[in-house]
Amino acid sequence: MVEVHPREVLICTIARLLDGVRHVAVGASSPIPAAGAILLRALKEKAGAIGPRISILGSVDHNFFTNGSAELFDCAGQGRIDAFFLGGGQIDGFGNVNLVGAGDYPQSSVRWPGSFGSAYLYFVVPRVILFREEHTSRVFVEKVDFVSAPGISEDGVFRTGGPYALLTGKGLFRFDKSRPGFELESVHPGHDLAEIKAATGFRFAHGERPLQTKLPDRATLDLLRGRVLDELAGTYPEFAVQMQRELAQRGALVS
Amino acid sequence: MVEVHPREVLICTIARLLDGVRHVAVGASSPIPAAGAILLRALKEKAGAIGPRISILGSVDHNFFTNGSAELFDCAGQGRIDAFFLGGGQIDGFGNVNLVGAGDYPQSSVRWPGSFGSAYLYFVVPRVILFREEHTSRVFVEKVDFVSAPGISEDGVFRTGGPYALLTGKGLFRFDKSRPGFELESVHPGHDLAEIKAATGFRFAHGERPLQTKLPDRATLDLLRGRVLDELAGTYPEFAVQMQRELAQRGALVS
Amino acid sequence: MVLSELRAMAKHVEAGMRVALPVDYAGVSMAMTLPLIERGAGNLDLVCVPTGGLQVDQLVGAGLVRTVETSAVSLGEAGGAPRFNAAVKEGTIKLRDATCPAIHAGLMAAQKGSPFVPMRGLIGTDLLRHRDDWRVIDNPLADKGDPIVLIPAIKPDVTIFHAPMADRFGNVWIGRRRELAAMAYASITVLVTVERILEESLLNNEMSAAGVLPALYVTAVAHAPKGAWPYGLWGEYSTDTVEILRYAKAARTAEGFADYMAQMEPA
Amino acid sequence: MVLSELRAMAKHVEAGMRVALPVDYAGVSMAMTLPLIERGAGNLDLVCVPTGGLQVDQLVGAGLVRTVETSAVSLGEAGGAPRFNAAVKEGTIKLRDATCPAIHAGLMAAQKGSPFVPMRGLIGTDLLRHRDDWRVIDNPLADKGDPIVLIPAIKPDVTIFHAPMADRFGNVWIGRRRELAAMAYASITVLVTVERILEESLLNNEMSAAGVLPALYVTAVAHAPKGAWPYGLWGEYSTDTVEILRYAKAARTAEGFADYMAQMEPA
């Protein structure tokens with residue numbers, strides 16, 4: 001059996017979540033989402049199909065914008081961005097995201113950078129993937145202290161986008177707008193439902209015996225460890241080098 | 001006495017009307033307003049002062065804009081344009097301007113090109129100079145058939161600009177916002193009050209014996225016939241050549 | 001982006017579409033005019049950004065136009081636009097008279113994904129009186145009164161223009177004619193003709209990248225040297241005024257217009 | 001435009017002014033930070049376009065800042081902005097938390113001479129709840145309901161940024177960083193530092209002109225090689241991450257911040 005690095009599970013899961021999008025935008029410091037997008041494109045191209053357009057903010061190789069930092073948001077408002085990633089200092093069971101701070105606003109006990117474009121993009125990008133590796137009840141709370149961007153909106157509020165899935169270091173959740181809330185879709189290797197329940201501050205739906213997150217096949221791993229990491233190195237050299245080093249330590253590097 | 005070409009009277013009058021502005025914008029096919037602006041700048045520079053910035057739409061030498069055709073209007077909206085010129089198929093005694101057509105709208109019996117930017121610029125450029133060489137009761141009507149841009153606005157309507165003066169082939173009027181209406185300030189050489197009254201479809205205020213429009217002195221004429229026509233030739237070659245030819249025919253050309 | 005040719009590009013235009021066209025000096029794709037007429041998709045709603053000229057007159061003359069939203073239509077030094085003016089007089093086209101910044105405002109609303117943007121001016125004009133799509137409200141941020149006009153988003157189905165160059169990836173160099181980008185941002189389909197197509201990406205250096213409309217917004221590009229003729233193209237060639245005067249004279253009558261168009265070389 | 005030097009430029013900034021500063025990667029005039037601190041004009045209302053970093057943290061640390069309007073403040077890879085975060089915790093600065101497109105929207109309103117622009121999103125956020133200057137109305141163009149947020153114009157007194165080059169006429173080359181133009185359009189005073197000053201006009205050819213902020217909008221330009229350091233400048237040099245990490249560590253305490261700033265070379 002091929003040994004798979006935990007981050008490879010995340011990258012391959014992201015590639016699956018992005019399947020079908022025409023244009024995915026990735027934030028400036030998001031090597032794993034970027035790798036997932038690049039992997040999907042490589043897989044599509046290998047299959048003779050057209051892969052997604054990938055815009056990585058702050059990247060030279062993947063910057064198709066020429067109208068300043070407003071263009072990403074304009075582009076999303078025009079319906080030209082199908083998928084985007086959001087993290088969050090806190091995320092709750094309604095998909096609310098807090099990027100501002102913990103405790104009472106404005107004198108937050110812990111202040112995070114701020115909401116960035118989330119308060120807009122969450123409304124207009126159809127497939128927003130919530131991505132946070134740290135899976136603890138500090139991050140996944142019952143109710144966020146500050147709503148940077150709400151997971152759901154009242155009827156009548158213009159909204160063409162919102163949460164699609166939540167990917168963590170322990171598992172993958174889908175967002176069900178109708179309930180609304182998260183449903184555990186799969187658990188990554190090495191983790192289990194009880195552990196996830198203990199580390200999650202909000203209630204979520206789940207099967208009795210959740211599936212394990214699908215692992216990549218050999219061909220996908222080869223593509224990821226070769227071409228994808230090479231392409232990624234143009235924008236995230238340190239991340240690519242670190243991945244290659246860790247893979248080598250595990251004896252998994254495809255040379 | 002120096003012979004002065006009628007168009008030189010207009011150009012020198014425009015230079016006087018523009019005195020004090022920091023930035024004047026001139027439409028694409030407006031050689032006389034452009035010449036007036038260039039003359040003012042030359043006079044200021046000769047006197048060691050800073051002349052106005054001149055933006056001539058569609059000119060290469062005098063185009064300071066880099067943000068497409070919206071920039072002129074943005075610039076005006078920011079309060080960065082102090083003076084502009086408007087013509088009009090019809091102009092009435094309240095300073096209303098019609099650039100659309102004569103007769104019933106939309107099936108105008110005579111259709112002119114359209115309102116261009118007048119419906120905005122007239123509101124936000126402090127010193128709009130109405131300029132139309134043809135002085136007939138066909139142009140200067142009691143009431144315009146279509147208001148492209150109104151001379152006055154009701155209280156409470158945001159307005160930082162409006163009509164400042166009306167210059168025609170026969171005379172110069174000032175606009176009095178308080179009345180509101182035009183007042184004849186001066187009559188160009190070769191014309192008189194009775195003729196202007198007969199050619200003007202709206203009522204206007206005037207003194208019993210209106211002044212003659214101030215003629216340029218020799219130094220100003222030299223500047224106009226030399227440097228100003230040379231500069232103008234970069235943008236309006238045909239107009240500059242024609243002026244030079246007519247001046248030569250009158251034996252007035254400064255070589 | 002698909003590298004295309006003129007007749008194939010014209011097939012993107014369907015009857016009843018809203019089509020945005022640039023002002024004379026910004027880069028009019030005159031090369032697309034005959035293919036559009038050949039294609040014959042009618043009932044077009046033209047949006048002139050912000051004014052129209054020869055191309056608009058010819059599309060009107062060919063009977064393809066239902067409405068014209070514009071701040072002006074003329075042939076510049078060659079005078080009024082003869083087929084447009086005739087159609088106005090005959091009432092065969094519907095007018096949506098505007099003012100330049102209102103056209104820009106409508107495109108900006110679409111660019112931003114907003115339903116409208118507010119605009120100063122306009123109050124008391126007959127333009128406003130005849131536009132049932134524009135709305136006056138009291139500025140909600142002012143203490144009292146302060147009427148202001150809301151311009152709804154203009155979302156063209158198709159934008160068509162001509163530019164100096166594109167690269168083979170579909171990036172188009174529009175230089176400082178940024179209204180072309182505004183049109184593209186607002187539109188579903190963007191058809192571009194260019195003087196030349198480059199091998200190297202225009203995004204590869206910051207100097208050329210500054211003037212680029214990215215391929216992301218471009219549906220198809222076709223090579224069309226002198227594609228703005230008889231209009232000029234900024235930085236490339238001048239307007240052929242003699243030809244425009246010749247057209248203006250010919251097109252005074254419907255017959256003269258038909259004769260003129262018949263002798264134009266098809267693309 | 002006046003060709004100036006850093007200390008002279010700083011004199012344009014008066015106490016209580018609203019000052020717009022660009023995002024880390026767009027061209028931050030770090031060269032102006034010490035002159036601004038020397039100048040000592042306080043009670044500044046900063047507008048981060050659309051986020052802030054090192055410069056904001058240093059101005060806050062120096063006690064010059066009253067409010068910060070921003071979509072985020074951080075030192076990127078070097079983590080949270082220490083003096084900003086401390087000031088938030090102590091309540092010594094007022095926050096106007098925003099989201100990136102709302103900052104752009106406010107500048108766009110100013111650029112257009114409009115009192116506001118509408119913006120989608122925002123409804124249901126605590127950002128909106130804490131902003132008494134933003135207003136929710138029902139979209140007047142919709143049949144019913146459809147709440148939408150109005151963002152008032154942001155009109156900075158001063159904009160300060162760094163760019164690769166200007167010409168001696170005051171035209172500044174901003175390339176594709178068009179938010180710098182948006183900031184300038186919206187502002188009364190625009191102060192620019194550049195890597196180099198050219199003899200020939202940047203407007204003289206269409207290729208360079210496409211990336212120019214015209215002198216019309218520029219109050220003063222000063223020559224400041226490596227003027228974005230320790231930030232990088234697009235197309236010129238990379239960020240000095242080691243230096244930013246050094247700052248991040250030092251500025252964890254007020255004393256460490258004071259020591260760090262004291263050993264910086266004055267301009």
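Chain letters run A, B, ... following the sequence lines, proteins first, then strands; residues in each count from 1. What you see below is based on every heavy atom in this structure, not just the backbone, and it leaves out hydrogens, waters and symmetry mates. Quantities reported herein were computed from a predicted structural model and do not represent experimental measurements.
For the options D/S74, D/G145, D/P101, heavy-atom pairs under 4.5 Å to chain A are most numerous at D/P101. Contact count versus chain D (heavy atoms, under 4.5 Å) is highest, among A/S153, A/S148, A/A149, for A/S148. When the candidates A/A76, A/S69, A/S115 are compared by the number of heavy-atom contacts under 4.5 Å with chain D, A/S69 comes out ahead.
By the neighbour-count criterion of 12 heavy atoms within 6.0 Å, atom CZ of A/F94 is sparsely surrounded, having that number or fewer from other residues, nucleotides or ligands. Residue A/E142 places its CD atom among 12 or fewer non-hydrogen atoms of other residues, nucleotides or ligands, all under 6.0 Å distant. Surrounding CZ of A/R203 are at most 12 heavy atoms belonging to other residues, nucleotides or ligands under 6.0 Å away. More than 12 heavy atoms of other residues, nucleotides or ligands sit less than 6.0 Å from atom CD of D/E243. Shown here is A/R138, whose CZ atom has no more than 12 heavy atoms of other residues, nucleotides or ligands within 6.0 Å. Around atom CD of D/E77, no more than 12 heavy atoms belonging to other residues, nucleotides or ligands sit under 6.0 Å away. The 12-atom threshold is exceeded at CD of A/E133, counting heavy atoms of other residues, nucleotides or ligands nearer than 6.0 Å.
The part of D/E90 that comes within reach of chain A is its backbone (N, CA, C, O), which places non-hydrogen atoms under 4.5 angstrom from that chain. Heavy atoms of A/D145 lying under 4.5 Å from chain D belong exclusively to its backbone. With a 4.5 angstrom heavy-atom cutoff, D/M119 touches chain A only via side-chain atoms. Contacts of A/Y122 with chain D are absent, with no heavy-atom separation under 4.5 Å from either backbone or side chain. Proximity to chain A is limited to the backbone of D/A98, based on heavy atoms less than 4.5 angstrom apart.
Taking all atoms of both residues into account, the shortest heavy-atom contact from A/G114 to D/D97 is CA-OD1, 4.5 Å. Of all non-hydrogen atoms in D/I123 and A/V157, the two that sit nearest each other are CG2-CG2, 4.0 Å. D/L95 approaches A/Y105 most closely through the heavy-atom pair CB-OH, 3.8 Å. Contact record, D/T125 with A/P150: CG2-CD, 3.7 Å, taken as the closest heavy-atom pair. The nearest pair of heavy atoms linking A/A119 to D/L127 is CB-CD1, 3.5 Å.
To the nearest 0.5 Å, the span separating CZ on A/F116 from OG on D/S71 amounts to 8.5 Å. Note that the OH atom of A/Y120 and the OG1 atom of D/T99 stand 10.0 Å from one another [nearest 0.5 Å]. Rounding to the nearest 0.5 Å gives a distance of 12.0 Å between CH2 of D/W234 and CG of A/N63.
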List the atom pairs, with distances to 0.1 Å, where a side-chain N or O of residues 81-89 of chain D and a protein N or O form a donor-acceptor pair under 3.5 Å, not counting sequence neighbours.
unit_1 : atom_1 : unit_2 : atom_2 : d
D/R83  : NH1    : D/A251 : O      : 2.9
D/R83  : NH1    : D/R252 : O      : 3.2
D/K89  : NZ     : A/S109 : O      : 3.2

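A/F73 and D/H104 have tilted rings, their planes meeting at an angle from 30° to 60° on a 0 to 90° scale.
The closest donor-acceptor contact from the side chain of D/R176 to the backbone of A/F65 lies under 3.5 Å.
Both the sub-6.0 Å distance and the 45° axial angle are satisfied by D/R120 relative to the ring of A/F158.
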